[in-house]
Structure formats: structure tokens, C-alpha cells
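First listed ligand is number 1; within each ligand, the first listed atom is number 1.
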Amino acid sequence: MSTSKHAMLFQLSLIALSLAGVVAASAPTRTHLQFYMHDIVTPSPGTQATVARVARGTTPLPTAPTTNFGDMYAIDDPLTEGPDAASRAVGRAQGFYLFASQTELALLLSINMVFTAGPHNGSTVAVLARDLIPADVRELPVVGGTGAFRGVTGYGLLRTHFHNVSAHNAVLRIDMYLSV
Ligand SMILES: *[C@@H]1O[C@H](CO)[C@@H](O)[C@H](O)[C@H]1NC(C)=O
Ligand SMILES: *[C@@H]1O[C@H](CO)[C@@H](O)[C@H](O)[C@H]1NC(C)=O
């Protein structure tokens with residue numbers, strides 16, 4: 001056998017090895033997480049606001065007096081297992097939302113889901129999304145994660161479970177479909 005043939009066989013076996021590695025590493029773990037997010041603008045006695053306005057747009061704009069365009073809120077919303085705020089806490093949604101449309105009630109949502117209990121305690125998932133508030137389902141692109149979710153890909157679905165229009169308080173159901 002010539003040297004070059006040896007070299008080629010060696011290279012082929014390296015390729016085979018790395019392919020085996022790719023196959024072994026390419027079976028992602030898929031996880032479905034469901035939880036509820038409590039966005040409290042107007043606290044009732046015994047509760048506290050989870051939202052703080054940090055900027056106000058120059059309203060009313062002639063184009064859209066009712067879309068709150070330019071208003072920005074920082075949030076630190078509790079995440080719970082069930083729709084009841086008293087159900088088991090699983091984490092916090094920390095970040096901000098900005099009213100980003102002059103013609104619709106639509107937010108730019110930039111949040112980290114910070115898990116504080118259960119198997120994902122200490123891990124985070126970062127979401128950067130458009131939240132068209134009146135839509136039944138809003139899709140949340142997942143842009144990354146940390147800890148158990150390092151390198152995560154996937155998406156979430158956001159639904160309004162409860163909305164008090166006068167108090168601006170909302171309970172949102174979130175389903176996340178993640179692959180690590
Ligand atoms: C989550 O992890 C932190 C830090 O390790 C720990 O202090 C805390 O008790 C854990 N929480 C739960 C509910 O397991
Ligand atoms: C909605 O909010 C208003 C004002 O805070 C409050 O009086 C009312 O009870 C709330 N309604 C529900 C269904 O929670």
C-alpha cells in the first residue's frame with residue numbers, strides 16, 4: 001500500500017469518526033415547557049406591580065393616538081406553573097417591552113425567562129419577539145439560552161389567558177418548544 005493510500009484511509013477513518021460524533025451529538029433533547037406569566041400594572045391590595053414605565057412616547061401621534069407608540073416598560077413578572085398567581089413559582093420573566101407600532105397594539109418583547117425551580121433552576125431562555133396583543137396566538141422566537149439551555153433553539157407560543165382591560169393586568173400562557 002502506498003503512503004498516499006495510507007494517508008487517504010486515515011483521513012477517511014477520521015471523517016467516519018467525526019461523522020459518528022455528529023450523529024451522536026445531533027439527537028437533540030426536545031422539551032415542552034408550559035407556564036403562566038403574571039403582568040401586573042395595577043396592583044390590588046397585597047400584591048405589587050411587576051411593571052415600571054421607563055419611557056413615554058410623544059403621544060398622541062396624529063397617525064395613531066391609541067397604540068401607545070414609544071412607551072416602554074421594564075418588567076420582572078413572576079412565572080408560575082398554573083394560571084393562579086398562587087400556584088408554584090417556576091421563574092421570572094425579566095426584560096422590557098416597547099410599544100413598537102404606530103398603527104397596531106404591538107410590542108417588541110425582549111425578555112429572559114429565568115427559571116428558579118425544578119430541573120431548569122438557574123437556566124435562562126432569551127426571547128426576542130413581536131407581540132401583537134389582540135392576536136390569539138403570538139409566536140416567540142427563542143434567540144438563545146444559558147445553563148441547561150446553552151445553545152438552545154426553538155420557539156414559544158404566547159396566549160392571553162386573562163386580561164383586565166381597565167387595570168391593564170394580564171395572565172399570559174406560554175408554551176415553549178425547545179431543543180438543546
Ligand atoms: C434553585 O437554585 C438555587 C441556587 O442553586 C438554590 O438556592 C435554590 O434553593 C433553588 N430553588 C429551588 C426551588 O430548587
Ligand atoms: C379589573 O380591574 C379593576 C380596576 O383595578 C377592578 O376593580 C376589577 O375588579 C378587575 N376585574 C377583574 C375581573 O379582576
Which pairs of donor and acceptor atoms, one on a side chain in residues 149-160, lie under 3.5 Å apart (sequence neighbours left out)?
unit_1	atom_1	unit_2	atom_2	d
Thr160	OG1	Arg138	NH1	3.0
Thr160	OG1	Arg138	NH2	3.0

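If you check the side chains of His168 and Thr42, you find no donor sitting under 3.5 Å from an acceptor.
Judged by distance alone, with hydrogens and angles left aside, the side-chain atoms of Thr146 form a donor-acceptor pair with the main-chain N or O of Thr124 at under 3.5 Å.
Near Asn121, meaning under 4.0 Å from one of its heavy atoms, ligand 1 places the atoms 1 (C), 2 (O), 3 (C), 8 (C), 10 (C), 11 (N), 12 (C), 14 (O). Less than 4.0 angstrom separates some heavy atom of Thr116 from each of these atoms of ligand 1: 1 (C), 11 (N), 12 (C), 13 (C).
Arg92 pairs with exactly one of Asn112, Asp76, Asp77 by the side-chain hydrogen bond (donor to acceptor under 3.5 Å, both in side chains) rule, that one being Asp76.
A centroid separation of less than 6.0 Å is found between the aromatic rings of Phe115 and Phe35. For Tyr97 and Tyr73, the ring centers are positioned less than 6.0 Å apart.
Residue-level contacts of ligand 2 at the 4.0 Å heavy-atom threshold are Phe162, Asn164, Ser166, Ala167.
One finds the CE atom of Met113 at 11.0 Å from the CD atom of Gln94 (value rounded to the nearest 0.5 Å).
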